[in-house]
Amino acid sequence: MTTFASGTDTLTRDALTVLQPGFTGTTAPDWLLRRLGEGLASVGLFGRNIATPEQVAALTAQLRAERDDVLVAIDEEGGDVTRLEVRTGSSFPGNHALGAVDDVELTRDVAAELGRRLAACGVNLNWAPSADVNSNPANPVIGVRSFGADTALVARHTAAYVTGLQSAGVAACTKHFPGHGDTAVDSHHAMPRIDADASVLAERELAPFRAAIAAGSRAVMSAHILVPALDPDHPATLSRTVLTDLLRGELGYTGLIVTDGMEMQAIAATYGIERGSVLAIAAGADAICVGGGLSDDETVRRLRDALVAAVRSGELPEARLAEAAERVRELARWTATVAPAADGAGREDIGLVAARRALRLTAPSPFAPLTEAPFVAAFTPVANIAVGDETPWGVAAELARLLPGTETGGYTGEDAARAALEAAGDRRVVAVVRDEHRHPWMAAALDALLASRPDTVIVEMGVPQAPSRGALHIATYGAARVCGRAAAEVIAGE
């Protein structure tokens with residue numbers, strides 16, 4: 001039963017309704033349950049909140065015992081960005097692998113199965129898919145989270161993903177509007193800027209969002225990026241020109257607009273989260289995502305009070321806040337009434353099937369599978385915040401299953417090749433890299449490794465921009481657990 005604490009006025013309830021906070025722990029803290037009673041309508045789950053599917057189901061049931069129409073959101077892209085399988089790696093390849101296969105039915109089926117698993121845990125809003133066109137290969141934060149660099153490909157797979165996910169009764173939140181692909185800065189750390197002109201933006205960045213809207217995406221997430229051709233003064237999240245005039249007006253979007261995490265430095269270091277949240281709602285956003293880094297009751301109180309004060313001072317029209325809160329409730333009603341597609345229990349193996357299909361193999365001569373345990377040298381870059389550093393990746397675990405005795409080590413920096421060769425001894429080397437083209441030290445390490453051991457097998461688990469080399473070069477288009485398994489199967493001849 002939906003309840004509201006007595007004495008909570010409409011303005012305060014609306015201010016709470018537009019927040020999507022996080023929390024710590026695997027059960028709901030008392031303060032969160034209390035806020036749900038006062039009007040909070042959404043909760044975000046992160047890796048820190050997840051142990052097992054059964055635990056997540058119990059957690060979401062605990063939330064719904066307090067408020068039956070609560071939106072439970074998660075950042076579950078599959079691939080490199082996983083929360084449900086944060087400690088094991090994802091059972092689903094990410095967007096880049098799906099784009100490499102370029103089978104829209106497969107993308108739809110993968111998204112449907114992912115949605116089915118989310119729904120089974122009680123999650124009804126997914127902050128996915130990424131509709132960003134990865135037009136800048138040096139992009140430090142999108143990369144394999146994008147379906148690719150071709151606009152038409154990204155558009156058709158974004159639409160397929162939205163359709164598949166929502167067929168399971170889970171609302172899609174297409175991101176990062178108006179497009180984060182042509183950036184060289186991670187908005188977790190600073191404010192990225194896209195200097196493309198309006199015609200390029202219309203043809204490239206906006207096309208996948210048009211496709212998502214046509215497919216019925218129930219939510220769209222804004223990007224903390226400055227796009228001078230659209231608004232020279234405000235990042236998209238805080239821009240009425242971008243959110244209201246462009247997204248709502250020109251593109252005709254009527255669903256929920258969610259901000260990216262407000263504690264990201266692009267907003268927090270420039271405006272502060274309170275001021276940023278007020279400006280975002282005023283610009284046309286309907287829900288404030290916060291909780292990846294700030295996850296306590298004090299954050300909720302600060303943002304609630306900032307919104308209430310802005311209305312009372314006349315800075316934020318009360319009607320705009322009420323409209324935003326109503327859109328949150330409208331999405332909650334949709335999740336409560338939509339019926340998942342009746343097509344059986346789903347396909348448990350669809351992620352592995354997709355990962356196998358995504359592999360691209362290059363070899364200078366016929367490759368003989370390994371029959372003895374190799375040494376896996378993982379050349380490890382610093383993970384971006386969206387991916388995190390707690391999710392395992394690579395091929396070592398899967399190779400150890402197929403070739404018992406396989407050993408591994410992680411290496412970085414100028415001494416990586418020497419250290420890897422010393423550890424490998426006379427064993428065959430499998431070198432695993434991630435975005436070699438973005439890391440000069442990694443390319444140098446491969447050069448030195450191949451000069452000494454030309455029979456090295458190379459597995460590229462990022463965006464495959466660098467030339468293929470080695471006795472066998474495998475591009476997996478992502479670092480999900482299933483991508484590692486698919487590559488290991490080829491190496492071991494399974």
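Treat the numbers as computed from the prediction; the structure is a model and nothing was measured. Only heavy atoms go into these numbers, but all of them, side chains included; no hydrogens, no water, no symmetry mates. For the single chain, residues carry numbers from 1 onward in sequence order.
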Fill in: Lys175 vs Arg145 side-chain heavy atoms within contact, under 4.5 Å
yes

Worksheet item: Given the rule in the side chain to side chain contact (heavy atoms under 4.5 Å, CB included) test, do Leu114 and Val170 qualify, once you have shown the distances and angles that lead to the verdict?
Response: CA-CA 10 Å; Leu114 178 59; Val170 176; over 6 Å; no

Discussion item. I'd like to know if Glu330 pairs up with Arg327 as an ion pair, taking the criterion as any Lys NZ or Arg NE/NH1/NH2 lying under 4.0 Å from an Asp or Glu carboxylate oxygen.
Written reply: no

Practice prompt. Would you check if the side chain of Arg218 reaches a backbone N or O of Gly216 as a donor-acceptor pair within less than 3.5 Å?
Written response: no

Worksheet item: Say you draw a straight line from CZ of Arg481 to CG of Leu352; how long is it, rounded to the nearest 0.5 Å?
Response: 9.0 Å

Worksheet entry | Any side-chain heavy-atom pair of Leu45 and Leu59 under 4.5 Å | yes

Worksheet item: Can you name the residues that form a side-chain hydrogen bond (donor to acceptor under 3.5 Å, both in side chains) with Arg320, not counting sequence neighbours?
Response: Asp286, Glu323

Worksheet item: Would you say the side-chain atoms of Ser295 pair up with the backbone N or O of Gly291, donor to acceptor, closer than 3.5 Å?
Response: no

Worksheet item: Quick one: do Glu326 and Arg333 make a salt bridge, cutoff under 4.0 Å?
Response: yes

Worksheet item: Does atom CD of Glu105 have more than 12 heavy-atom neighbours, drawn from other residues, nucleotides or ligands, at distances under 6.0 Å?
Response: no

Discussion item. Any donor-acceptor pair under 3.5 Å linking the side-chain atoms of Asp14 with those of Thr17?
Written reply: no

Practice prompt. Taking Thr60 for its side chain and Cys121 for its backbone only, find out whether a donor-acceptor pair lies under 3.5 Å.
Written response: yes

Practice prompt. Determine whether Leu40 and Pro21 make a side-chain contact, defined as any pair of heavy atoms from C-beta on separated by less than 4.5 Å.
Written response: yes

Item to complete: Look at the side chain of Arg108 and the backbone N and O of Ala159, then say whether any donor-acceptor pair between them is shorter than 3.5 Å.
Response: no

Worksheet entry | Reported CD1-to-CD1 distance for the pair Ile288 and Ile281, which is rounded to 0.5 angstrom | 4.0 Å

Worksheet item: Which value, rounded to the nearest 0.5 Å, describes the distance between Leu63 atom CG and Asp68 atom CG?
Response: 12.0 Å

Discussion item. Using only atom types and a distance under 3.5 Å, with no angle test, would you say the side chain of Asn95 pairs donor to acceptor with the backbone of Ser130?
Written reply: yes

Practice prompt. Verify, without hydrogens or angle tests, whether Thr244 (side chain) and Thr241 (backbone) share a donor-acceptor contact under 3.5 angstrom.
Written response: no

Fill in: For Leu331 against Ala171, the heavy-atom pair lying closest together
CD1-CB, 3.8 Å

Item to complete: Carefully, step by step, assess Glu38 and Arg67 under the rule salt bridge (charged side-chain N to carboxylate O under 4.0 Å, His left out).
Response: CA-CA 10 Å; Glu38 293 170 356; Arg67 177 167 184 152; over 6 Å; no

Worksheet item: Rounded to the nearest 0.5 Å, what separation is found between the CG atom of Asp75 and the CH2 atom of Trp127?
Response: 6.5 Å

Worksheet item: Do Asp102 and Arg156 sit within salt-bridge range, that is, some charged N less than 4.0 Å from a carboxylate O?
Response: yes

Worksheet entry | Donor-acceptor contact present, side-chain Asn134 to main-chain Ala149, <3.5 Å | no

Worksheet item: Hey, does the side chain of Ser167 reach the backbone of Gly164 with a donor-acceptor pair shorter than 3.5 angstrom?
Response: yes

Response to the item:
By side-chain hydrogen bond (donor to acceptor under 3.5 Å, both in side chains), Trp393 pairs with (sequence neighbours left out) none

Worksheet entry | Summary of ring-ring contact (aromatic ring centres under 6.0 Å, His included) pairs that have at least one residue in residues 228-281, sequence neighbours excluded | none

Worksheet item: Is the CZ atom of Arg438 crowded by more than 12 outside heavy atoms at less than 6.0 Å?
Response: yes

Worksheet item: Would Glu348 and Arg116 satisfy side chain to side chain contact (heavy atoms under 4.5 Å, CB included), going step by step from the backbone distance to the final call?
Response: CA-CA 10 Å; Glu348 293 285 343; Arg116 188 187 69 80; 2.9 Å; yes

Discussion item. Between Arg312 and Glu318, does the side chain to side chain contact (heavy atoms under 4.5 Å, CB included) criterion hold? Intermediate values first, please.
Written reply: CA-CA 8 Å; Arg312 288 178 174 160; Glu318 185 170 4; over 6 Å; no

Discussion item. Looking at every heavy atom in both Val482 and Pro93, which two are closest together, and how far apart are they?
Written reply: CG2-N, 3.7 Å

Worksheet item: Where is the tightest heavy-atom contact between Gly179 and Ile194, given as atom of each residue plus distance?
Response: O-CD1, 3.2 Å

Worksheet item: Distance from Gln465 atom CD to Asp435 atom CG, nearest 0.5 Å?
Response: 9.0 Å

Discussion item. I'd like to check the side-chain hydrogen bond (donor to acceptor under 3.5 Å, both in side chains) partners of Glu205; sequence neighbours left out, ordered by chain and number.
Written reply: none

Discussion item. Less than 3.5 Å apart, any donor N or O on the side chain of Glu85 or Ser91 sitting next to an acceptor on the other?
Written reply: yes

Discussion item. Does Phe177 form a side chain to side chain contact (heavy atoms under 4.5 Å, CB included) with Leu246? I'd like the steps, not just the answer.
Written reply: CA-CA 10 Å; Phe177 188 82; Leu246 176 58; 3.8 Å; yes

Worksheet item: Just checking, any donor-acceptor pair under 3.5 angstrom between side chains of Asp231 and Ser239?
Response: yes

Worksheet item: Is a salt bridge present between Arg301 and Asp305, judged by a nitrogen-to-oxygen distance below 4.0 Å?
Response: yes

Fill in: Heavy-atom neighbours of Asp30 CG exceed 12 at 6.0 Å
no

Worksheet item: How far apart are the closest heavy atoms of Asp150 and Leu153, and which atoms are they?
Response: OD2-N, 2.8 Å

Discussion item. Under a 4.0 Å threshold between the charged nitrogen and the carboxylate oxygen, would Glu298 count as salt-bridged to Arg302?
Written reply: no

Discussion item. Regarding Thr82 and Glu76, do their side chains bring together a donor and an acceptor under 3.5 Å, going by distance alone?
Written reply: yes

Response to the item:
Between Ser42 and Val328 the two heavy atoms that sit nearest each other are OG-CG1, 3.9 Å

Worksheet item: Is the shortest heavy-atom distance from the side chain of Thr259 to the side chain of Ser222 under 4.5 Å?
Response: yes

Item to complete: For residues Pro228 and Arg193, determine if any side-chain heavy atom of one lies less than 4.5 Å from a side-chain heavy atom of the other.
Response: yes

Worksheet item: Does Thr391 reach the side chain of Asp80, with side-chain heavy atoms less than 4.5 Å apart?
Response: no

Item to complete: Side-chain contact test, heavy atoms from C-beta onward, threshold under 4.5 Å: evaluate it for Val278 versus Leu307 and give yes or no.
Response: yes

Item to complete: Side-chain contact test, heavy atoms from C-beta onward, threshold under 4.5 Å: evaluate it for Arg35 versus Glu66 and give yes or no.
Response: no

Worksheet, complete the sentence: In short, Ala354 meets Val110 closest at the heavy-atom pair CB-CG2, 4.0 Å

Worksheet item: What's the spacing between Ser199 OG and Arg204 CZ if we round to 0.5 Å?
Response: 10.0 Å

Worksheet item: Do any pairs count as a ring-ring contact (aromatic ring centres under 6.0 Å, His included) and have a residue in residues 78-111, sequence neighbours left out, and if so which ones?
Response: His96-Tyr477

Worksheet entry | Results of side-chain hydrogen bond (donor to acceptor under 3.5 Å, both in side chains) for Arg357 - residues two or more places apart only | Asp103

Worksheet entry | Any donor-acceptor pair under 3.5 Å from Gln62 side chain to Ala28 backbone | yes

Worksheet item: Does Glu398 reach the main-chain N or O of Ala486 with its side chain, forming a donor-acceptor pair under 3.5 Å?
Response: no

